[in-house]
Number of protein chains: 2
Amino acid sequence: MSQHRHPGAPGRAGAVPALPDLPEATVARLPEYLRALHNLAETSHETVSSEGLANAAGVNSAKLRKDLSQLGSYGTRGVGYDVALLIDQIEYVLGLTQRRAVALVGVGNLGHALAGYDGFAGRGFRIAALFDADQERVGEEINGLIVRHVDELPRVAAEESIAIGVIATPAAAAQRVADQLVSVGVTSILNFAPCVLSVPEGVDVRKVDLAIELQILSFHEHRKATLTALPAAGGPALTALPGGLAVTESQEAIGT
Amino acid sequence: MSQHRHPGAPGRAGAVPALPDLPEATVARLPEYLRALHNLAETSHETVSSEGLANAAGVNSAKLRKDLSQLGSYGTRGVGYDVALLIDQIEYVLGLTQRRAVALVGVGNLGHALAGYDGFAGRGFRIAALFDADQERVGEEINGLIVRHVDELPRVAAEESIAIGVIATPAAAAQRVADQLVSVGVTSILNFAPCVLSVPEGVDVRKVDLAIELQILSFHEHRKATLTALPAAGGPALTALPGGLAVTESQEAIGT
DNA sequence: AGGCGCTTGTGAAGACGTGCACAAATCGCG
DNA sequence: CGCGATTTGTGCACGTCTTCACAAGCGCCT
Ligand SMILES: NC(=O)c1ccc[n+]([C@@H]2O[C@H](COP(=O)([O-])OP(=O)(O)OC[C@H]3O[C@@H](n4cnc5c(N)ncnc54)[C@H](O)[C@@H]3O)[C@@H](O)[C@H]2O)c1
Ligand SMILES: NC(=O)c1ccc[n+]([C@@H]2O[C@H](COP(=O)([O-])OP(=O)(O)OC[C@H]3O[C@@H](n4cnc5c(N)ncnc54)[C@H](O)[C@@H]3O)[C@@H](O)[C@H]2O)c1
């Protein structure tokens, strides 16, 4: 871990080393800190301690301090962190100093919700274009944006400077759409379709699959149920899976 | 997240406890394997090798084998895994042998999309009830379900056996809703509101925040941009932030 | 000025996750 | 029946992440 800093920072406020390569786990938490910080700023907090911020972000305070130290952000011992300064630093590191343009492909059920959501603006993004393959939908106006045909992607991508592509099409179309996005120079993709995308190196894909989230919850639910179902007296004795699956599930969610 | 163990296996009733406590990372990948397996099953594959399944799921094959070995699922050396059997085993472990009932609270922009999505059924879930606090929305029918007032949650939760609660309300209401869900016995919550929920021990919360996903992508985009802006000379010519944030961002996308 | 309480930043240790590489197991075939 | 091709299951080494615990720094009060 040989990361050199520029501790100089003479004169004016916090100087930030441009982009130390942060641990992925840290990067994933920074947005959470940022959101918490914005909340604090709105409630007129000037500074916040690592404990306080950690609480607001739902993490361990030591972890938070280590995360912040990673980006060279200096707090003040005995005092805490300057909220406004920290916001600036995190926003800079996350690349949010410019409002990034997002292209949304697939304006169906989910796409409508995303297109109609006005919460992205406050988080650093601007939905710049909507695309669909269905002629029925092309031309429709959502939130001030007109749905264009996906074939217009190259032209529009040239006009707007698209930074991120969001895929909200059925899984069957997702790979094709991803290819199209990549071919117009998009190097970051958020994919809602339940499938794996293959993209060239240098392109980042993040996936959001709601069913997977539910299934993970289901696992824990299942585990909790079988644990609480153990009367310590070797009761029903969970049926193993010898060959055919013999499943004996009695009670699941037992509140109180 | 402290997870308690019961390694002792007191009594040790015959067979393997059907639920060895799997590493969290494994649990998070099982749904992906399951989806890939269903795809394979539909294309009439009887068996699949770890390599093939790993490919379909977008992971390393050694990792996949280790994951599967965790759940005691045995493949056949020289052959691979029996697709149908593996589906059954994973579905059992994830607790999907029974279709779990999901309650959705907050039928707004996003809630509508979720309620209207028919893809959950095939993944083991049934949206059993919709709730909202807005009288305007109460009574509306979506996909065969009628939106009820959130005050009816206790009554409905008693009728249907709700396993999982999904929160799609504004952040300001999320904690209150979470409390209500917990109070009617829900121990698994999927939260779409951008805020941290505090819940009693034993209740699992997973959070989906789309803005966070975008911000993580933004970070990498930012990093890629500053990297490609470097003239390949070893020194990371960092653009410090002298006072105001001086951002030098030149080119974003790199095509190969 | 000095001491005191509070808070940061970080070393160290351990838990956890990953991926290589290979022995063991199985199948098909001659 | 034995052999080679194939593929699983896993020991091991390595890297990443988390958490504790505490010295060092800072502001404030006396
Ligand atoms: N709606 C949800 O709540 C939800 C939940 C989980 C996952 N998803 C996933 O999100 C994706 C979208 O879901 P949805 O419910 O909005 O589906 P949808 O069918 O309502 O919408 C899909 C849209 O994509 C468009 N489309 C199809 N092919 C296209 C192409 N090649 N280029 C551009 N547009 C194309 C269609 O015209 C349609 O408008 C699906 O993959 C779905 O599995 C949705
Ligand atoms: N729409 C999106 O694409 C999107 C994207 C990212 C995050 N989100 C988040 O998802 C959540 C919902 O977003 P949305 O766009 O659907 O908002 P919305 O305002 O359209 O819908 C919220 C719904 O919740 C209901 N509600 C409010 N308080 C309630 C309560 N106490 N009990 C029950 N229902 C209540 C409202 O009546 C409304 O119908 C928000 O937290 C938002 O930040 C949405």
(request) List the steps, then state whether salt bridge (charged side-chain N to carboxylate O under 4.0 Å, His left out) holds for Asp204(A) with Arg223(B). (result) CA-CA 12 Å; Asp204(A) 283 305; Arg223(B) 203 170 53 83; 5.9 Å; no
(message) My understanding is that only residues two or more places apart in sequence, or in another chain, count here; which of them pass salt bridge (Lys or Arg N to Asp or Glu O under 4.0 Å) with Asp82(A)?
(response) none
(message) Does a side-chain N or O of Tyr81(A) approach OP1 or OP2 of dG9(C) to a distance below 4.0 Å, or not?
(response) yes
(message) Between P on dC17(D) and CD on Glu24(B), what's the gap in Å once rounded to a whole number?
(response) 17 Å
(message) So, OP1 or OP2 of dT18(D): does either fall under 4.0 Å of a side-chain N or O from Arg29(A)?
(response) yes
(request) Specify the residues of residues 31-61 of chain B, ordered by number, for which at least one heavy atom lies under 4.0 angstrom from an atom of DNA chain C. (result) Asn60(B)
(request) Taking the side chain as every heavy atom from C-beta outward, state whether Leu94(A) and His222(B) have any pair of such atoms under 4.5 Å apart. (result) no
(message) Any donor-acceptor pair under 3.5 Å linking the side-chain atoms of Glu51(A) with those of Asn55(A)?
(response) no
(message) I'd like to know whether CZ of Arg99(A) has more than 12 heavy-atom contacts from other residues, nucleotides or ligands below 6.0 angstrom.
(response) yes
(message) Looking only at the side chain of Lys66(B) (C-beta and beyond, no hydrogens), which of the listed nucleotides dG17(C), dG11(D), dT18(D) gets closest?
(response) dG11(D)
(message) Can you tell me which nucleotide in dT10(C), dT18(C), dG9(D) comes closest to the side chain of Arg65(A)?
(response) dT10(C)
(message) What I'd like to find out is whether the side chain of Glu213(A) reaches to under 4.5 Å of the side chain of Pro31(B), using heavy atoms alone.
(response) no
(request) Decide side chain to side chain donor-acceptor pair (under 3.5 Å) for Ser188(A) and Glu221(B); before the verdict, give the C-alpha distance in whole Å, the side-chain angles of both, and the deciding distance to 0.1 Å. (result) CA-CA 7 Å; Ser188(A) 292; Glu221(B) 199 66 26; 2.4 Å; yes
(message) So if I define the base as every atom that isn't primed, P, OP1 or OP2, how would nucleotides 25-30 of chain C read as a B/S/- string at a heavy-atom cutoff under 4.0 Å?
(response) BBS---
(message) Between C1' on dC14(D) and NZ on Lys63(B), what's the gap in Å once rounded to a whole number?
(response) 14 Å
(request) Could you check if a side-chain atom of Asp209(A) sits within less than 4.5 angstrom of a side-chain atom of Phe192(A), using non-hydrogen atoms only? (result) no
(request) Apply the test salt bridge (charged side-chain N to carboxylate O under 4.0 Å, His left out) to residues Glu32(B) and Lys207(A): give CA-CA distance (whole Å), side-chain angles for both, the deciding distance (0.1 Å), then the verdict. (result) CA-CA 11 Å; Glu32(B) 197 71 52; Lys207(A) 186 179 150 194; 2.7 Å; yes
(request) Mind calculating the distance between CG (Asp21(B)) and P (dG17(C)) to the nearest angstrom? (result) 12 Å
(request) Grab the OH-P distance between Tyr74(A) and dA24(D) for me, whole Å please. (result) 18 Å
(request) Name the nucleic acid region contacted by Ala62(B), choosing base, sugar-phosphate or nothing; use a 4.0 angstrom heavy-atom cut-off, strictly under. (result) base
